[in-house]
*Asks:* 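For reference, the structure I am asking about is given below.
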Amino acid sequence: MDNIEAAYLGVIRVLHGVSLEVGDGKIVALIGANGGGKTTTLKAISGLLSTEQGQIRSGEILLDDKRIDRLAPEAIAKMGISQVMEGRHVLEHLTVEENLRVGAYRRSDRAGVKADLEQVYTYFPRIREYRKRVSGYLSGGEQQMLVIGRALMADPRLMLLDEPSLGLAPIMVREIFDIIKRINEERGVAMLLVEQNVKAALGIADHGYVMENGKIVLDEPADRLRDNEDVKEFYMGISAGGSRKNYRELKHYRRRKRWLS
Amino acid sequence: MRRVKSLWAILFMIALALVVAVSGCGGGDATTTTAPAPTDTTAGSAPTDTAAAAEPVTLYIGGTFALTGPYAEDCAAVLAGYQDYVKWVNDNKILAPWYSDKTIPKNVTFDVLWGDDALAPDKTLTIYDDLKSKGLLTERVSGSPEGMALKDKLMGDKIGATSQSSSPAYLNPPGNIFTNAPIYTDQMAAIAEWFLKGWTDTSRKPRVAYLTADSTLGRNLDIPEMQAYLEKLGYEFVGAQYVPMVPTAPPTTQLAWLKENKVDLALGLMINPGSQPTIKEAVRLGMGPDQAYKITFGFGYPAHLQVFAPAMGEQGNGVVVAGDFAAWESNAEGVAFANEMQAKYRPNDKVTHVMYLCGIVEAMTQVEALRLASTQVDPAKLTSADVLEKGFQQIKDLSTGGILVTNLTYGPGDPEGVDEVRLQQVQGGKIVELGSYPLRGIVPK
Amino acid sequence: MSLPSGTFAQDYAQDMRLMRTKAQWGSMGLLLVFLATIPLWASDSNLTTATIIGITIISVHGLNILTGNCGLVSMGHSGFMMVGGYAMAILSAKVGLPFWAAMPAAGLIAGIVGVLFGLPSLRIKGFYLIMATVSAYFIIHWLILQFRDLTGGTDGLSVPTATFFGLAIKGKATYYYLVLVLAVLATLVAKNILRTRAGRAFVAIRDNDLAAEVMGVNLWGYRLQAFFIGCVFAGVAGALSVQYYSYANVEQFPFFDSVWFLGMLIVGGMGSTSGVIYGVLAIKLLQLLATKIGPSLAEVVNPQAAVGLSLILPSLAIILFLIFAPRGIEHIWGRFRGYYQAWPF
Amino acid sequence: MTFFLQLAITGLALGMMYALIAIGFVIIFKCSQAFNIAQGHFVMLGGYLGYTFLAVLHLPVWLSIIAVIAVAVVAGGVIERLALRPLVGQPVLAVIMMTIALAGVLEGIAILLWGGEYKTYHDVLPAITLNLGAISIPPESLIGLIVSTIVVTLLMLMFRYTKIGLAMRATAEDEQVTRGAGIRATMVYALAWIIAAVVGVVGGVLLGGVSGVSIAMSEIGLKALAVVILGGLDSIGGAIFAGLMLGIMENLAAGYLDPLMPSGGGLAGVFPFIVMILVLMIKPHGLFGLKRIERV
């Protein structure tokens, strides 16, 4: 993804020259403050931006050197990119299994679908019990599992995960992240993870980007980001040496940020 | 930013509007330069001063037609009658084959002006203004609400009109909408009298109810005088059921109600689009003169029998219609005249609807009014008031060659042209005449 | 921002003023002179068209306040016109009220009926509200037919010629002037309503009713107020139309009129007072065009061509506007005018 | 009692017709959140097409049905592609206005093609009147009942068990998710319109056989909207239930209440609207509608 500028309604510019890269089979975390353009970035990749009167003004998005930034979301999905949207978009009035089948809609290999269905149930044994149940009645965590499972059913190469931990209990967050890691390791699916829970995200990611106001301000391997003082301070709520943040440090960060961008 | 906009915008739109409006009327013959009084109309391209009587003059007949909506088929046939009749008159310069003495001046030709009011009173009024400005000195009315809407204007502008409808409201106050069919209440009275002749059960009074269109037409008979007259004849009046003018579902409920209330005679004003599904459903429910449940349906709109009978076949048996027009099978002179015109002007698309005859009658009435008036006033200088007072109101004993049951006679305060009702019945898919009945004058004048 | 460059507002009062430059006053004057002289040169039928357009403008202003500004989509507007029309007819024909008293009363009655049917509007919106207003139309229609003693049922009701302080409002030109005055008045009132507290509340409700409520806008009160004001306009227009035809009949207010009114808002530009005028002109003139070219098409297609066309032409206009210019003529014009405003830059 | 049963059964047949038309509406709404006011005009179109194929061209019934459906498929597809697709993402009112304008165009075209006249083509459908004692069920109503039931069952099966049905249900719930899953939303929309058009014209052919064909036929669409509201916008089962209920209630009201009215009735025409406004006052989302919580 290179130098993307995106805007809503042709006026509201959200992304200003964002460039990022997700390697094969890697987990990349995209972190940053609210309204920074993280979700927009994901939607730009998956093509859903166009369904919200948004558009990519310039730049290009490549998947294996093929440009996908002009394609419809359906076509992008077909190329193996599958998005898990923020806020658990389960299809409430469909049963759990129907939800999963929607994920596998574009696939024609019946055997593969069946095997993947089984695998999803192995990853998330909890939702197996509810397979015939209308999914609107699942708990928040189960719904999150379901949507991840649904994205998985498309047999994707790249999964875009938008805030999978939102509104979940800490224990559930851990469970979800463990499974994300597992999926990544067992199936070799690349992941682009947008997360507020920076600690958890960087815990499983290989690489991380920090985004501010539609720009990438930091771009480093995950372990180095984890140790970055600014990241710690502003996104994880831990400041160096436990001291309270002060104005000078804030200024220092702003300066640094501007310099970087 | 909601603040006042530059008024240039409005000016621009008005200019645009004018361009559209003017280009719309452009090409037509209406001149918009003179003051719009009803008396100014020297129609066509007549020069400012007509010195010689030989100057060609075009006189217009016609008016509003409801070519869309429930009356569409009726009005389309009427229009065809108008158009053919005008061609014939222009070719032959006499009023009708049986009137060699009623000649049309050589310099006068007739033309038809019309507009489709789609059965909407407001459209009627707009078209009326439009046609008037184009030089139409008469008017025609396509239905009762339209007639009601036009009534005051016609009186104010002193314009005489012919009508396809025969609303009781035209009589009171005496207006200038001239009818050629008996007023609906008289039609109903005729059916009631006919039915009573065949009533043999002395143990009880026959029970009568209205089964009528849910429209101004249908509700025309819902007046106290009508009910009083039926009771005077010896009926027991049960009530009324209304069927939408064009039903979107079969009127089973209304028919079941008649059955439930043991009605013997159902009277109503229905036009073809309403009566076909109604009778079909009645037959299905086993209701009719020859069915398990004995009931007679009498309808009072002359227009539809010629369409109704062939379309319904045996199913329509026993339906009585109080009409006024001769059947196509009749050997009346007027019907032969109609056939002759059709053969000449539309050899390939013959109009089978009986309202074609109505068109001839109406057109003939209008032409006669214009002819009568132009014997007294220079045709180029005719006004609508002339046509009303020296034309329509002077028509005496005008023969329609048997299309109508009696000759037409009008006068000031007498817009009702005929004085008998002709009854017809469907028997074996054919139309059979049951005879004529006098008018009973049920509506107080 | 309809001002030539170089004109600035120095305080709020100035900013909100309707007329700001001499050019505006001038063009307004010209327009009024133009409108006032129409009866002198226009033909009878064109005068009729102008009068009907004037009446429609009054009615659509009401719908614009209700729908364009308050976001309450009503598809029963011609039903409320019918209420006003019949109120006028009954008050002047049966009660014998003079014209100047019957007219405002008709507007008021239509407004009250509007409020009655607007009552569900607190709980429902969107399509449900549209259907509630559709119901309102059919229920009003039915009730009028039922109370035959009062309304004349399907026969309709004849209305005596109006007199205004002894002066008979008779003849097309006189009536045209009456409608013209009222239409200009309605435009000013509509414009001014939007500049009041209520007008701002309407817009807030349209844009986000929940947010408006949180901000302390009395949702129910203002919604009913919008219904009331919108229906008063409709009632006055209905009364004028009945008075114009000197006849009241339910078929004078067909259901499809409500639909055309909404179409006029779409074509003109939802929510804009001047858009109302453009929209009414555009749709009415298209319908006129159809009736003008219809008879010549009648030879080729069928005698009903005029009616077919008068449905197809405005419908197509609405479709094209929805696809290519969803914000209406007003917006297009605004962009066009942008050049003029920036002049000489 | 006979009177009551007769009314009830007629109401049932009428109600099934309402349900059929309402279903067309519900399918479009479910899939694309569009309110199709022109559904009644598909019915009118069906009537005229039935008239053309059966009475003018004298095609056999089965061929006519196929031809009518073929025209409906094309019409539904074209309308969706040309008129509705450009509006994706526009506000609700724009879509509603679009379908109203479509109604105007369809009506205008019908007038241009067929004139404003009343047409009939009865006696084409098999006449099998069913007599239950004193009650008789007209054949068209009976056929209508059977056909509606078949159509509804087929649709239900399709939604429940086919992949395309799954896609349509999924799109109905969340367009972004389904598009993200590779389901072509445009295909689903087009299909919804096609199904709605087909359902509408089939209803029209049936209705035309009963009461003839005229421009006024589209009015039944407005009544069907009352059914839709009553049943909830997105519930097919609700549409069927509300359709039957309204059909029966309307008939009973006309039969028993009309004579009590000050000016003799016409209650059948307005009854669905009265019921609708009452229901909206009490249950703003209809009887079976899904209540969507609005997010601030």
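Proteins get letters first, then strands, A, B, ... in listed order; numbering begins at 1 in each. Because the structure is a prediction, the values reported are computed rather than measured.
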*Asks:* Is any side-chain heavy atom of D/Gln6 closer than 4.5 Å to a side-chain heavy atom of B/Leu285?
*Replies:*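 Yes, side chains in contact.
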
*Asks:* Roughly how far, to the nearest 0.5 Å, is the CZ atom of D/Phe4 from the CD atom of B/Glu260?
*Replies:* 12.0 Å

*Asks:* What distance do D/Ser214 atom OG and B/Met245 atom CE have between them, rounded to the nearest 0.5 Å?
*Replies:* 11.0 Å

*Asks:* Evaluate the side-chain proximity of D/Tyr118 to B/Gln276: yes if any heavy-atom separation is below 4.5 Å, no if none is.
*Replies:* yes

*Asks:* Is chain D contacted by the side chain of B/Ala76, its backbone, both, or neither, given a heavy-atom distance below 4.5 Å?
*Replies:* side chain

*Asks:* Could you grab the distance from atom CG of D/Leu7 to atom OG1 of B/Thr253, nearest 0.5 Å is fine?
*Replies:* 5.0 Å

*Asks:* Look at atom NZ of B/Lys430 and say whether more than 12 heavy atoms of other residues, nucleotides or ligands are closer to it than 6.0 Å.
*Replies:*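 Counting other residues, nucleotides and ligands, NZ of B/Lys430 stays at 12 neighbours or fewer.
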
*Asks:* Holding to salt bridge (charged side-chain N to carboxylate O under 4.0 Å, His left out), I want the full list of residues that pass it with D/Glu107, two or more places apart in sequence or in another chain.
*Replies:* none

*Asks:* Is the number of heavy atoms from other residues, nucleotides or ligands under 6.0 Å of B/Lys294 NZ greater than 12?
*Replies:* yes

*Asks:* So, taking the atom named OG1 in D/Thr120 and the one named CG in B/Asn272, what distance separates them when rounded to the nearest 0.5 Å?
*Replies:*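 Nearest 0.5 Å value for the OG1-CG distance: 7.5 Å.
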
*Asks:* According to the salt bridge (Lys or Arg N to Asp or Glu O under 4.0 Å) rule, which pairs have a member within residues 200-221 of chain D, sequence neighbours left out?
*Replies:* none

